[in-house]
Amino acid sequence: MTRPLTLALILSSFLGCRTETARVETAQGSEPAFDDTFIESSIGDASYLNPILASDNASGAINGMVFNGLVKYDSQIQLIGDLAESWDISKDGLTFRFHLKHNVFWHDGHPFTAEDVLYTYERLVDPEVKTPYSSNFDKVKKFEVLDPHTLRITYKEPFVPALESWGMGIVPRHVFADAKGKAFNEHPANKRPIGTGPYRFKEWKVDEKIVLESNPNYFGGKPHIARYVFRIIPDNAVEFLELRNKTIDTMVLTPDQYRAYEEFFDGYKRFRFPRGAYSYFGFNLKNPLFQEKRVRLAIAHAIDKKALVNGVLLGMGQSATGPFLPLSWSFNPEVKDFEYLPELSKKILSEEGWADTNGDGILDKNGRPFQFTLITNQGNKLRSLTAEILQQQLKKIGIKMQIRIVEWSTFIKNFIDKRQFEAVILGWALSPDPDIYNIWHSSQKKDGQYNFVSYDNPEVDRLLEEGRRSFNLEKRKQIYQKVHALIHDDIPYIFLYYPDFLPVVQERFVGPKVVPISSFGFGWNFDEWYVPRNQVRYPMMSPQ
Amino acid sequence: MIQYLLRRIGLMIPLLFGITLLTFLVMQISPGKPTDVLTDLNVKMTAESKERLIELYGLNKPWTVQYWNWLKRVVQLDFGRSFKDDRPVIQKIKERLPASLLLNLLSLSLIFAAALFLGISSAAKRSSLFDKGTTLFVYIGFSAPTFWIALLLMIGFGLKLGIVPISGLHSLNFAELSPLEKGIDLLRHLALPVTVMALTGLAALTRYSRSAMLEVLHQDYIRTARAKGVPERNVLFHHAFRNALIPVITLMGLMLPELIGGSFIFETIFAYPGMGRLGYDAIMSRDYPVLMGIGTIVAFLTLLGNLLADILYAFADPRIRYR
């Protein structure tokens with residue numbers, strides 16, 4: 001039982017001083033009510049209320065409450081059964097056998113069976129279905145239904161993230177009446193979903209709101225909060241006004257909103273913890289300027305990440321040391337960040353032969369000045385701001401960095417995909433599983449693939465391959481912590497910062513908690529939230 | 001007249017065709033594809049599945065073929081299905097149209113009423129304090145950023161005074177209200193957007209009606225009327241007003257596309273479920289079918305509006321005859 005303890009340690013070291021408005025629970029003295037409405041808001045409307053077709057956040061939020069996958073992540077980012085009661089994985093890691101829960105019913109009363117899972121799988125690999133998730137399932141060799149509650153999936157090669165991919169929401173075969181291809185894409189059920197989840201669909205008013213209500217027959221127990229309203233408010237400033245007006249119960253704040261007057265947050269609890277994403281400064285390692293690791297080291301020591309976090313995120317973030325999130329088990333707490341030592345940078349560079357011989361303030365070597373162009377995409381203010389601060393910081397050690405901001409699709413197609421850049425500022429959103437093969441493995445350097453900095457370390461390659469094959473969590477933890485350290489030491493990127501996730505929730509709701517999985521979704525345990533009976537704000541009109 | 005009408009309508013067809021062709025072309029030239037949101041920097045997606053998606057959306061075909069296919073469907077009045085959610089474009093437009101119509105009808109009527117009143121009275125009292133004050137007022141409305149005025153009014157009347165809702169079109173419990181309460185609820189939600197829209201859209205029409213009135217007041221027949229001893233009131237409202245209306249009436253025809261077009265800024269700020277947001281979202285996500293659908297309908301209405309303006313002109317002004 002060492003693992004949870006370590007996690008608790010990691011947790012406390014990062015959260016110890018961070019929950020600023022941890023108020024005393026007002027919940028005491030009143031029992032949890034099966035009542036009230038939770039009002040959330042979103043910038044955009046949903047697209048498909050079908051987990052196979054949807055890829056936007058708004059649809060994802062709704063689908064997550066209406067549908068279940070076979071597996072899900074628990075608070076410590078470990079997979080547990082959702083629609084699956086349990087599963088076995090064969091010794092060679094090639095075969096998964098899922099035992100499904102009995103007595104699970106769709107919202108229309110039909111029993112849930114293995115046939116529904118088969119149907120979901122068939123649509124995911126159906127070439128006519130517009131799903132962005134087919135790649136997750138192309139390693140499946142065989143899918144067999146053994147009996148109504150058992151299924152066996154055989155893979156072409158052992159692949160650990162495959163287990164995570166079964167967190168995909170399962171859709172009901174009987175509702176879609178075996179629709180295939182185009183008929184599936186266009187099926188009216190994509191507008192009126194029927195799932196197995198804690199909440200069932202009530203109504204969708206386009207561009208206004210989506211309403212869900214608690215599912216009394218939910219296999220995990222009837223959720224306490226009776227109604228969930230998803231309001232569409234496309235403007236962030238207006239969303240904040242609605243929050244101040246107490247007409248929405250939650251929103252994700254921007255750093256300046258988080259720091260606004262205290263009285264704005266009267267009756268709310270604010271939370272603060274790293275979001276599942278990081279920003280980085282990437283070197284094109286094919287560029288002769290950056291091939292020497294000591295040069296990259298010098299740049300790493302010339303960057304003041306604290307100033308970046310303060311300047312760009314108003315302090316609402318923390319400096320990053322590697323490709324994993326501080327709250328996750330793959331994060332290596334022993335990796336020490338590069339200190340901000342501009343003098344050391346200058347020393348390293350002069351040892352490498354860089355000196356300002358012509359007195360123009362820019363280092364040069366063999367008559368070539370130390371200058372390069374950094375590119376980033378248009379429309380992301382944080383990134384262009386970061387670039388400007390870095391420009392100033394590098395200027396101090398005699399490096400001239402130019403900034404070029406390029407429109408997104410040109411940026412991807414002409415610069416990133418074709419490797420036509422010297423340095424880049426970008427960010428990665430992380431998923432709970434630490435598999436980062438596609439970004440760091442040396443086989444992924446071809447045009448259009450994601451190792452666009454051309455990173456190549458045989459040991460990291462080996463570890464990434466192993467990490468995909470080994471189902472042992474303890475072993476994977478070691479593997480990815482090692483990957484973290486190795487990538488940090490090689491400096492293919494300078495990991496800049498993790499922006500903070502700044503949700504705020506109305507005080508009457510008991511249950512919101514910051515745990516490692518929160519970085520990937522704050523409402524991870526929403527079906528356990530409740531409002532004490534004496535604080536219910538929107539009692540249901542109809543008898544329950 | 002009939003011959004003229006037929007000729008105008010006949011001319012509309014190639015014009016409409018040209019507009020859609022240009023819209024399609026601009027859309028194709030602008031960087032980015034509808035599938036980009038799904039595929040760009042998505043590490044969980046292989047190159048093959050990207051290709052497959054592009055093919056599913058028919059984006060691998062040359063644009064000429066894509067346009068031809070679109071045209072073939074549109075002449076049968078089928079605008080296709082949205083790339084975003086696979087729902088028929090016509091249905092998506094139908095869902096938003098009533099809300100946009102409601103908002104625009106209300107605010108345009110308010111604009112017309114207020115602009116006529118302000119314009120004509122300030123012309124009648126030319127160079128007075130009222131005239132100057134009106135001019136200043138409408139110009140402030142015209143030049144102040146819409147979103148800023150909207151936010152100020154929201155803070156004032158929504159948050160501080162709490163007399164109107166901040167955004168949206170319906171209260172959450174709308175379905176449970178009685179018909180009368182529903183009406184009141186709608187009006188409360190519409191109060192701010194209509195006011196802001198009227199405030200910011202007042203300038204042009206006020207100036208039009210003011211100068212139209214001024215021009216009429218300089219005419220000989222007004223001098224004659226005054227010379228006859230007609231009371232000033234009658235001069236203004238009987239002789240001048242009706243003639244000053246002529247150019248304003250024709251503007252009504254030109255406002256037709258505005259009625260359904262919707263405004264992205266208003267609708268975004270007020271979380272209003274109308275056409276403007278539909279169009280803007282379609283542009284941002286490169287939802288070609290929706291974009292083309294809205295483009296075609298608005299182009300058609302613009303052309304129709306122009307025609308209507310010309311016809312109204314002929315009716316209002318007996319001096320004008322079309323042949």
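Residue numbers begin at 1 in each chain, while the letters A, B, ... track the order of the sequences. What's counted below: heavy atoms across the whole structure, side chains too, no hydrogens, waters or symmetry copies.
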- request: Pick whichever of A/Ile233, A/Val129, A/Ile43, A/Leu426 has the most heavy-atom pairs under 4.5 Å with chain B.
  value: A/Val129

- prompt: Picking from A/His187, A/Lys130, A/Glu128, which has the most non-hydrogen pairs under 4.5 angstrom with chain B?
  reply: A/Lys130

Please look at [X] and chain B and tell me whether the side chain, the backbone, both or neither of the residue comes under 4.5 angstrom of a heavy atom of that chain.
X        : answer
A/Lys209 : side chain
A/Ala46  : backbone
A/Ile232 : both
A/Asp138 : side chain
A/Glu407 : side chain
A/Leu241 : both
A/Lys246 : neither

With a distance cut-off below 6.0 Å to the six-membered ring centre and an angular limit of 45° from the axis, does [X] pair with [Y] as a cation-pi contact?
X        : Y        : result
A/Arg468 : A/Tyr437 : yes
A/Arg244 : A/Phe264 : yes
A/Lys445 : A/Tyr455 : no

- request: Pull out the residues in residues 141-150 of chain B that come under 4.5 Å of chain A, heavy atom to heavy atom, sorted by number.
  value: none

message: Can a side-chain donor-acceptor contact be found between A/Thr131 and A/Ser134 if the only test is distance below 3.5 angstrom?
response: no

message: Does any backbone or side-chain atom of B/Leu53 lie under 4.5 Å from a heavy atom of chain A? Answer side chain, backbone, both or neither.
response: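 Contact with chain A: side chain only.
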
message: Given heavy-atom pairs under 4.5 angstrom as the criterion, report whether the side chain, backbone, both or neither of B/Lys92 touches chain A.
response: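 Neither part.
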
task: Please say whether more than 12 non-hydrogen atoms of neighbouring residues, nucleotides or ligands are located less than 6.0 Å from CH2 in B/Trp68.
output: no

query: Residues two or more places apart in sequence or in another chain: which of them pass ring pair (Phe, Tyr, Trp, His ring centres under 6.0 Å) with B/Phe83?
result: B/Tyr57

- request: Please check if the distance between the ring centroids of B/Tyr288 and B/Trp63 is under 6.0 Å.
  value: no

message: Can you classify the ring geometry of B/Phe24 versus B/Trp70 as parallel (below 30°), tilted (30 to 60°) or perpendicular (above 60°)?
response: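 B/Phe24 vs B/Trp70 ring planes: tilted.
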
